[in-house]
Amino acid sequence: MKSFATFGNELYTGERTFQFVGKRKIWFSITAVAVLFSILVPLLGGGFNFGIEFRGGSQFTISNVSNTSPAIGEKAVAAGAPGTVAVVTNIAGKTMQVQTDRLSDDQTSKVKKALTSAYGVTNDQVTSTFVGPTWGQDVSRQAIIGFVVFVLLATLMMALYFRTWRMSVAAIIGLLVVMVVTAGIYAASEFEVTPSAIIGFLTILSYSLYDTVVVFDKIRENTADIKSSTRRTFGEEVNLAVNQTLVRSINTMMVAVLPVGSILFIGALLLGAGTLRDLSLALFIGIIVSTFSTVFVAAPMYAWLREKEPELVKQAKKVQAKRAAQTVDA
């Protein structure tokens, strides 16, 4: 703990520095590859693994079960409708949910009977429904509308708050990288995309923006007198701000990831709660990607957008001239 505090202090004073801005070409290249990969994977791999809420299917709910093992439901479905792949989850206390592709009336009847027998419940404790794709499409449409409205409002508010549109552009680019890469990870790993996962994606937006605003606030503080300063160039001041907030970014990420990870690995994967799994998985991936995006994409992008301004070019020359004079004097 002491060494980590020392590490943070060295970053804050500039004694230790990581080149987030100076090596931005490397970070941008890696990001471009990650984004391209995230776009190509669903295009070449047949798209995302959507849940039945988006593609339609049959769903069974079994109440008051004494054994919540998913294997029991999977065997029952295999017995009632051979060759059918079932997703069995414990959605609450003694309630199980079984989802499959759409079954015929005869298959539905056989699966329902098999589930009744396998879980040792009465016939009226097993209900079957057909889930159409319309609901999932409505959720997707509303999510896209919400995303567009959020981006527009966030762009406007950040431009007003920081008094420069370039910070808004850099923050939104970082945000888009988070969304695309998170979606790419879902496509590559074939995690199921459900309405809960969509909610998780939208929740990531606020976290990503919060992390970026914290770093940008420090950048604004460091560069407040940049035009009259000969201490550092604009890019160096941005890099210092990222280093000064690095420990805070890591701590914020850890504080956010630990409870989400607990829900994901203990509550969802071990106990089998499907909704919690979908929601926490999207958050878990998105929070980690957001931290990397702020540090390696948004902040260096802002430096790149401003470094060519004539006044900042002139200021950079003054800094270099001062350093050259100090070198000669030494």
Side-chain angles (χ1 to χ4, degrees), residues 20-21 23-56 133 136-155 158 165-212 215 253 257 260 264 277-305:
F20 298 106
V21 173
K23 296 183 178 179
R24 65 185 173 218
K25 289 183 179 179
I26 296 175
W27 314 134
F28 288 172
S29 299
I30 294 173
T31 303
V33 171
V35 169
L36 184 63
F37 174 79
S38 300
I39 294 173
L40 290 179
V41 165
L43 289 177
L44 301 179
F48 296 95
N49 177 24
F50 287 108
I52 69 168
E53 294 87 353
F54 294 94
R55 53 183 168 79
Q137 291 170 357
D138 288 342
V139 171
S140 300
R141 185 168 54 254
Q142 296 300 326
I144 292 173
I145 293 173
F147 175 73
V148 172
V149 171
F150 176 86
V151 169
L152 292 176
L153 288 178
T155 303
M158 290 191 68
W165 60 268
R166 291 176 177 82
M167 273 193 172
S168 294
V169 171
I172 297 304
I173 290 174
L175 192 66
L176 293 176
V177 168
V178 172
M179 298 304 292
V180 173
V181 172
T182 302
I185 293 173
Y186 256 75
S189 56
E190 297 188 349
F191 291 138
E192 193 173 52
V193 179
T194 65
S196 298
I198 297 295
I199 294 171
F201 289 147
L202 295 178
T203 307
I204 293 168
L205 299 177
S206 60
Y207 176 84
S208 177
L209 205 58
Y210 166 76
D211 194 43
T212 302
V215 177
M253 179 189 72
V257 159
V260 172
L264 174 63
R277 178 199 60 202
D278 298 339
L279 182 60
S280 56
L281 181 61
L283 291 175
F284 188 82
I285 296 172
I287 288 171
I288 296 174
V289 176
S290 293
T291 303
F292 281 94
S293 176
T294 298
V295 172
F296 291 101
V297 178
M301 179 66 67
Y302 175 62
W304 179 72
L305 288 173

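Positions are given from 1, in the same order as the sequence printed here.
Pairs of residues two or more places apart, or lying in two chains, that qualify as salt bridge (Lys or Arg N to Asp or Glu O under 4.0 Å) and include a residue from residues 165-184 are R166-E309.
Here the CD1-CZ distance, from I185 to F284, works out to 10.5 Å after rounding to the nearest 0.5 Å. Distance CZ/F201 to CD1/I285: 7.5 Å, rounded to 0.5 Å. A distance of 10.5 Å separates CG in L283 from CG in L202, rounded to the nearest 0.5 Å. Atom CG of L152 is separated from atom CZ of F147 by 10.0 Å, given to the nearest 0.5 angstrom. Here the OG-CE distance, from S38 to M179, works out to 12.0 Å after rounding to the nearest 0.5 Å. The line from CD1 of I30 to NZ of K23 is 10.5 Å long, rounded to the nearest 0.5 Å.
Pairing each heavy atom of M253 with each of I288, the nearest pair is SD-CA, 4.1 Å. Closest of all the heavy-atom pairs between V193 and F48 is CG2-CB, 4.0 Å. Between A154 and L209, the shortest heavy-atom distance links the atoms CB-CD2, 3.7 Å. Scanning all heavy atoms of the two residues, the minimum distance from V151 to T155 falls at O-OG1, 2.6 Å. Closest approach of M167 and M158 over heavy atoms only: O-CE, 4.2 Å. The shortest heavy-atom contact between T212 and A298 is CG2-CB, 4.2 Å.
Aromatic ring pairs are classed by plane angle as parallel below 30°, tilted from 30° to 60° and perpendicular above 60°; the pair F296 and F292 is parallel.
At least one side-chain heavy atom of T291 sits less than 4.5 Å from a side-chain heavy atom of Y207.
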Donor-acceptor pairs are to be reported for all side-chain atoms of residues 169-176 against protein atoms at under 3.5 Å, with residues two or more places apart or in another chain.
none

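Side-chain N/O atoms of S290 and D211 include no donor and acceptor closer than 3.5 Å.
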*Report the C-alpha distance between V215 and F20 in whole Å, list the side-chain angles of each, state the deciding distance to 0.1 Å, and finish with yes or no for side-chain contact (heavy atoms from CB on, under 4.5 Å).*
CA-CA 13 Å; V215 177; F20 298 106; over 6 Å; no
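Judged purely by atom type and a 3.5 angstrom limit, S208 has no side-chain atom pairing as donor or acceptor with the backbone of I204. Within the 3.5 Å criterion, the main-chain N or O of A282 finds a donor-acceptor partner in the side chain of Y186.
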